[in-house]
Amino acid sequence: GMHGQSEDPAFEGVNGLWEEAWNDLVIGKESALRLYASELVGVSCSALESPSWPVKAQGARAIATIAETMGPNLESAYIDTLMTALLVALPGRVWEGKEAVVSAQRMVCVCCQNTIRSCQDLQKLATEKICHELIQQCKKKTNNLSAMLHRSHW
């Protein structure tokens, strides 16, 4: 599948859904992702809650792809759901692949910035909660997340 890496059977549904949505997109039906948005957001957020690191990271990468593909067309309710799910996945110990959560959060903030700017609640979420959590993550002694944050120009 597109996001490869994980052999977790619980995640095959996501890959199937992605292939389907992706094929529709490639064929040129721009409404495809919108059609699948609610399911894609749902499965990606569920993946983020998985105890399995590869599945978590895969969920984050799926979210980055949703943001990148839909960008300004992503509804504010979905942006809220995605940013909140990523925010929940951010605190605590650093796990392998966790930087995918950071880059997904950045991708949502960048690709959906106009929607975020025009919505006070989203703006508050992005500026207060997310920035605070990223700073907390950077304070951790042993991690390459802070180096990664500098590289990704947060």
Side-chain angles (χ1 to χ4, degrees), residues 1-15 17-18 21-22 33-34 36-154:
M2 267 186 51
H3 293 284
Q5 287 176 17
S6 168
E7 290 306 308
D8 192 304
F11 217 61
E12 275 169 20
V14 179
N15 284 338
L17 197 56
W18 263 116
W22 208 252
L33 251 182
R34 254 183 240 201
Y36 291 102
S38 125
E39 286 171 89
L40 288 169
V41 167
V43 287
S44 302
C45 292
S46 304
L48 264 187
E49 292 164 17
S50 165
S52 150
W53 295 346
V55 173
K56 259 188 196 307
Q58 199 168 15
R61 285 193 298 274
I63 290 174
T65 308
I66 292 171
E68 196 177 11
T69 312
M70 294 188 72
N73 301 316
L74 195 58
E75 291 169 38
S76 56
Y78 291 140
I79 297 173
D80 182 69
T81 302
L82 295 176
M83 289 205 301
T84 304
L86 288 163
L87 195 57
V88 170
L90 204 51
R93 57 176 298 193
V94 174
W95 39 271
E96 201 181 331
K98 193 173 188 177
E99 62 277 4
V101 175
V102 176
S103 38
Q105 193 66 277
R106 175 173 179 262
M107 191 68 90
V108 172
C109 290
V110 172
C111 297
C112 307
Q113 57 183 308
N114 292 341
T115 311
I116 293 171
R117 282 204 186 106
S118 62
C119 172
Q120 224 178 347
D121 289 347
L122 288 180
Q123 215 169 3
K124 213 171 145 78
L125 183 63
T127 52
E128 293 173 19
K129 299 222 172 82
I130 293 170
C131 291
H132 170 77
E133 198 46 64
L134 289 169
I135 290 164
Q136 294 307 310
Q137 285 295 313
C138 282
K139 285 180 181 164
K140 294 190 182 351
K141 296 269 188 296
T142 55
N143 72 24
N144 45 12
L145 265 188
S146 53
M148 194 240 141
L149 282 168
H150 293 303
R151 279 203 308 279
S152 68
H153 309 298
W154 265 95

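Note that this is a predicted model, so its numbers are computed, not measured.
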inquiry  = Would you say that Leu74 contacts Thr115 through its side chain, given a criterion of any heavy-atom pair below 4.5 Å between the two side chains?
reply    =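 Leu74 vs Thr115: side chains apart.
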
query = For the atom pair CG (Asn114) and SG (Cys119), what is the distance rounded to the nearest 0.5 Å?
reply = 12.5 Å

remark   = Taken to the nearest 0.5 Å, the spacing of Ser44 OG from Arg61 CZ works out to 11.5 Å

Check [X] against [Y] and note the closest heavy-atom contact, atom names and distance.
X      : Y      : result
Thr65  : Thr69  : O-OG1, 2.6 Å
Ala104 : Ala60  : CB-O, 3.2 Å
Ala64  : Met107 : O-CG, 3.4 Å
Ala100 : Ala57  : CB-O, 3.9 Å
Cys109 : Ile116 : CA-CD1, 3.7 Å
Cys111 : Glu68  : SG-CA, 3.8 Å

Could you give the side-chain donor-acceptor pairs of residues 75-88 under 3.5 Å, partners two or more places apart or in another chain?
unit_1: Thr81; atom_1: OG1; unit_2: Ala77; atom_2: O; d: 2.9
unit_1: Thr84; atom_1: OG1; unit_2: Asp80; atom_2: O; d: 2.7

key: salt bridge (charged side-chain N to carboxylate O under 4.0 Å, His left out) partners for Lys129, two or more places apart   = none

remark   = Taken in chain and number order and not counting sequence neighbours, the residues that satisfy salt bridge (charged side-chain N to carboxylate O under 4.0 Å, His left out) with Glu96 are none

inquiry  = Main chain of Leu90, side chain of Lys98: is a donor-acceptor contact present, judged purely on distance under 3.5 Å?
reply    = yes

Gln113: partners by side chain to side chain donor-acceptor pair (under 3.5 Å), with sequence neighbours left out =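 Scan of Gln113 (side chain to side chain donor-acceptor pair (under 3.5 Å), adjacent residues dropped) gives Arg117.
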
task = Please report the C-alpha distance between Val43 and Tyr36 in whole Å, then the side-chain angles of each, then the deciding distance to 0.1 Å, and finally whether the side chain to side chain contact (heavy atoms under 4.5 Å, CB included) criterion is met.
result = CA-CA 11 Å; Val43 287; Tyr36 291 102; over 6 Å; no

